[in-house]
Each structure stands twice: as structure tokens, then as C-alpha cells.
Number of protein chains: 2
Amino acid sequence: MIVAEGHRQIGEVGFARFSAREVAKRVGYSIGTIYNVFGSYDQLILAINGRTLDLWLAALERRLDGASENRLAAAIDAYFSFAIGHRHAWAALYDFRLPEGEPIPEYYQAKVTAITEVVVREIAAAIPPAHRTKAPALARSLLATVHGHCFFTLNGTFRLLGEADPLAAALDRVNDALARYR
Amino acid sequence: MIVAEGHRQIGEVGFARFSAREVAKRVGYSIGTIYNVFGSYDQLILAINGRTLDLWLAALERRLDGASENRLAAAIDAYFSFAIGHRHAWAALYDFRLPEGEPIPEYYQAKVTAITEVVVREIAAAIPPAHRTKAPALARSLLATVHGHCFFTLNGTFRLLGEADPLAAALDRVNDALARYR
DNA sequence: CCACACAATTGAACGTCGTTCAATATATTA
DNA sequence: TAATATATTGAACGACGTTCAATTGTGTGG
């Protein structure tokens, strides 16, 4: 419940204007209780970002369920759609960084891995069987590729540079890579 | 001088721990003077990030000056080298966002464009003359591609996913794209 | 039903932050 | 020098993350 309200708040005002005190006010608890439950501001943010990852994975899987042809294009579109539809929550995933040395909790790593594994599966299905072993590395790289396009879309860089169709550009790059294995 | 010290501070402690008051203390002025000069915290950050962009462009051009073959590989390597060598300052370029609606100052836009133009030039030189008109769009997209790889390198995503050579992966993706024009 | 132990919850207090602005100091001009 | 313009100051304000002694709530054994 605290996490849900935190997620709502970060979706409304963004990471920079997010505040643990405001979450406490909204859920009707005192600031002290928030700290008893999460331990610190950073852990609270991690919990909220974890919820964003859950929703992202769910949206991705929902989209892929109803897709037979062009599954990769559907996945990329779902990636963009979620980021654009939840701009602030999505941006918070990358605006926030743990202090140096602090390890990322395993529960959080697992969520990132889960999303990646969906992509690995789709990439593996999109290339000839002989190249299947390269799917994980290719998936990582194409994830970074799509991420870069998505990031430049949301932070204004693409608008500044006159890019009108970032989604198409991302899809082009993915197809460029896949063309090498055909 | 204020900007230089701010850049130094952000390079040391990162965007999250940066403070205008600390800059004031370090340069020997009061906090009020910082605000008289820059108007707001956001404008101060923009000035500091602008300096980072200046240094980045300079490093890129320096590298390309001494390269004849593999100029694109040199540019990508310079991109990564700067980001890794100035992790906090580089990350601050993307951690910071102006409030919604606030326009990015022209002086700042010009710095972003200047870096992009170097890339456009190199891409144009790397593809057959018949495709030159596509160089700007391709350059934007490949910038996003390299950015994504660089970002995942520095924020720990690639380490989490087991990617051992992100620079090589980025170069692969760029070559995948260029292969389409040969 | 009471007394006691344990857990949950509170919010005042602290130091720091961005921000403002009347007061003060310094420089320039007449 | 006197008057004007410009630069600089730092106390004050509200909000933030964080802590922790005090308080309230819950349950259990007698």
C-alpha cells in the first residue's frame, strides 16, 4: 500500500519532486513508520522502482501474448509504450542510483533479469537455430540499443535533434543486427 | 570559476550529493552570490553540465585529430572513455532534467548539437556518397545506440546481465547498421 | 479481568538543502 | 567628495531525510 502510493506519487511528480514525507501523509501514517518499514529513503525508492519493473514486465508479456507475427516489433513497441505512458516512473528507474558500493538487492536484480529473459527468448526465436547461443549477448546489446532510443525520446534529445520517429529508428537498428544472422 | 568548481564537485560526489552551498563555500563566496549569478539551482547545474559537454566535445575532437583509419571506432571509444573517466559528471548530464515546460537554453542546445554534428560528419564519411542524405538520421540513431550501451555500462545493468565487453557490443551494432549501406 | 511483555506507531528534533531579500559593502560616476 | 549604481552578504523560511525516546496498541499467561 505504501509502495503503491509511492509509485503513484512518483508517476505524478517525478523522481526529483518525490518525497517520503508526502507518501506518509498520503497513506495516513507518520514519517517514522515509513522508516520503520523500509529502513531508508533509498530502500523505499527501490521498492517503488521494483513495482514499476513488475508493471513493465506484465505489460510486455500481455502484449506478446496477443502477437504471432512481428513479435520483436511488438516487444519494442511495448517497451516504448510503457516508458511513454509512465514517463516519470520509468525515468525514476534510471534517475535513481544506490550510493557507491551499496549492492543492488537480489529481489530487484531478479526483476531486471526477468525482463531481460523475455527479450532473450524473443531474440532466440528470431534468429536461425545455429546462432541461438548468441541470443543472450545480442539481447543485452539490443536492449541497450532500444533503451538509448527510448531515453533520447523522453529526455528531449531526439526532439532537439529533429528525430520525428524514434520508434522506427530503434526498430531499424534491431533489424540491422538481425540481418547479419540471415 | 564557480562553474569550474561546481564541475569539480559534481565529478567528485555526483549529482545526488551536489550542493550549491558547498560550491559557494569552496569558491569563497556566500550562497547568495551564487544565486545572484545563476538565478537558480537548475541554471547552475545547466552551466556545469555545459562545461561537461565542452570537455566531452574537446576530447572527441582531440581523439579524431589523430585518427585516419577506423575513425568511427575511435569516436565510439572516445565516447566511452570520457563517460567512464568522468562517470559522475557524465551521469549528471542525464540525471538532471529541467522542470516540465522549462525550455532548454539555446547555449546548451548548441553544445549538444555540436557534438552531434561531429558524429554526423563521421557517419557521412563512412557511408557511400549516394546515401549521404541519410547521415543525420543515422547519426542520431547510432548516438542513441552508443548512449544506451554506455549508460548500461555505467549504471551496472551490463554487469548484472553478464556483459563483459560493452564497447565491443556497441561497435558491433554500429557496424551492423553501416553494413546495410555497403 | 488484569498485568505484563512485545510490537507498532508517533512526531519533535537535528542538520542540510534551495531560495529569498533587506541590509551592507564596494565601485563608479558627477 | 557626494551621489548613484553594483556586488555581496547571511539570517530567515519551509521542506527534506533521518533518528529515537516516548507513546499507543496488541496479545498472552495467570
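So you know, we letter chains A, B, ... as the sequences are listed, proteins then strands, and number each from 1.
A straight line from CZ of B:Phe38 to P of D:dT8 spans 12 Å, rounded to a whole angstrom. Distance A:Glu22 CD to D:dT18 C1': 18 Å, rounded to the nearest Å. In this structure, CD of A:Gln9 is placed 12 Å from C1' of D:dC16, rounded to the nearest angstrom. If you measure from atom CG of B:Asp42 to atom C1' of C:dT19, you get 12 Å, rounded to the nearest angstrom. Nucleotide D:dT19 holds its P atom 12 Å from the CD atom of A:Gln43, rounded to whole Å. Between B:Leu44 atom CG and C:dG18 atom C1' there is a gap of 11 Å when expressed in whole angstrom units.
When side chains are defined from C-beta on, B:His147 counts as touching A:Phe151, because their heavy atoms get closer than 4.5 Å.
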Next item on the list: Evaluate the side-chain hydrogen bond (donor to acceptor under 3.5 Å, both in side chains) criterion for residues A:Thr52 and A:His86: first the C-alpha distance (whole Å), next the side-chain angles of each, then the deciding distance (0.1 Å), finally the verdict.
Entry: CA-CA 9 Å; A:Thr52 303; A:His86 306 74; over 6 Å; no
Next item on the list: Start with the C-alpha distance between B:Glu12 and B:Arg26, add both sets of side-chain angles, then the distance that settles salt bridge (charged side-chain N to carboxylate O under 4.0 Å, His left out), and finish with yes or no.
Entry: CA-CA 13 Å; B:Glu12 287 168 8; B:Arg26 289 214 210 177; 3.0 Å; yes
Notebook entry, point to check: Would B:Arg173 and A:Asp176 satisfy salt bridge (charged side-chain N to carboxylate O under 4.0 Å, His left out), going step by step from the backbone distance to the final call?
Noted result: CA-CA 8 Å; B:Arg173 297 292 79 73; A:Asp176 287 348; over 6 Å; no
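Counting non-hydrogen atoms under 4.0 angstrom, A:Tyr41 reaches the backbone sugars and phosphates but no base.
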For nucleotides 7-12 of chain C, tabulate all protein N/O to nucleotide N/O atom pairs closer than 3.5 Å, reporting atom names and distance.
{"unit_1": "C:dT10", "atom_1": "OP2", "unit_2": "A:Ser30", "atom_2": "N", "d": "2.8"}
{"unit_1": "C:dT10", "atom_1": "OP2", "unit_2": "A:Ser30", "atom_2": "OG", "d": "3.3"}
{"unit_1": "C:dT10", "atom_1": "OP2", "unit_2": "A:Thr33", "atom_2": "OG1", "d": "2.8"}

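Proximity of the aromatic rings of B:Phe158 and B:His149 is defined here by a centroid distance below 6.0 angstrom, and this criterion is met.
Atom NZ in B:Lys111 sits 9.0 Å away from atom CG in B:Leu57 (nearest 0.5 Å).
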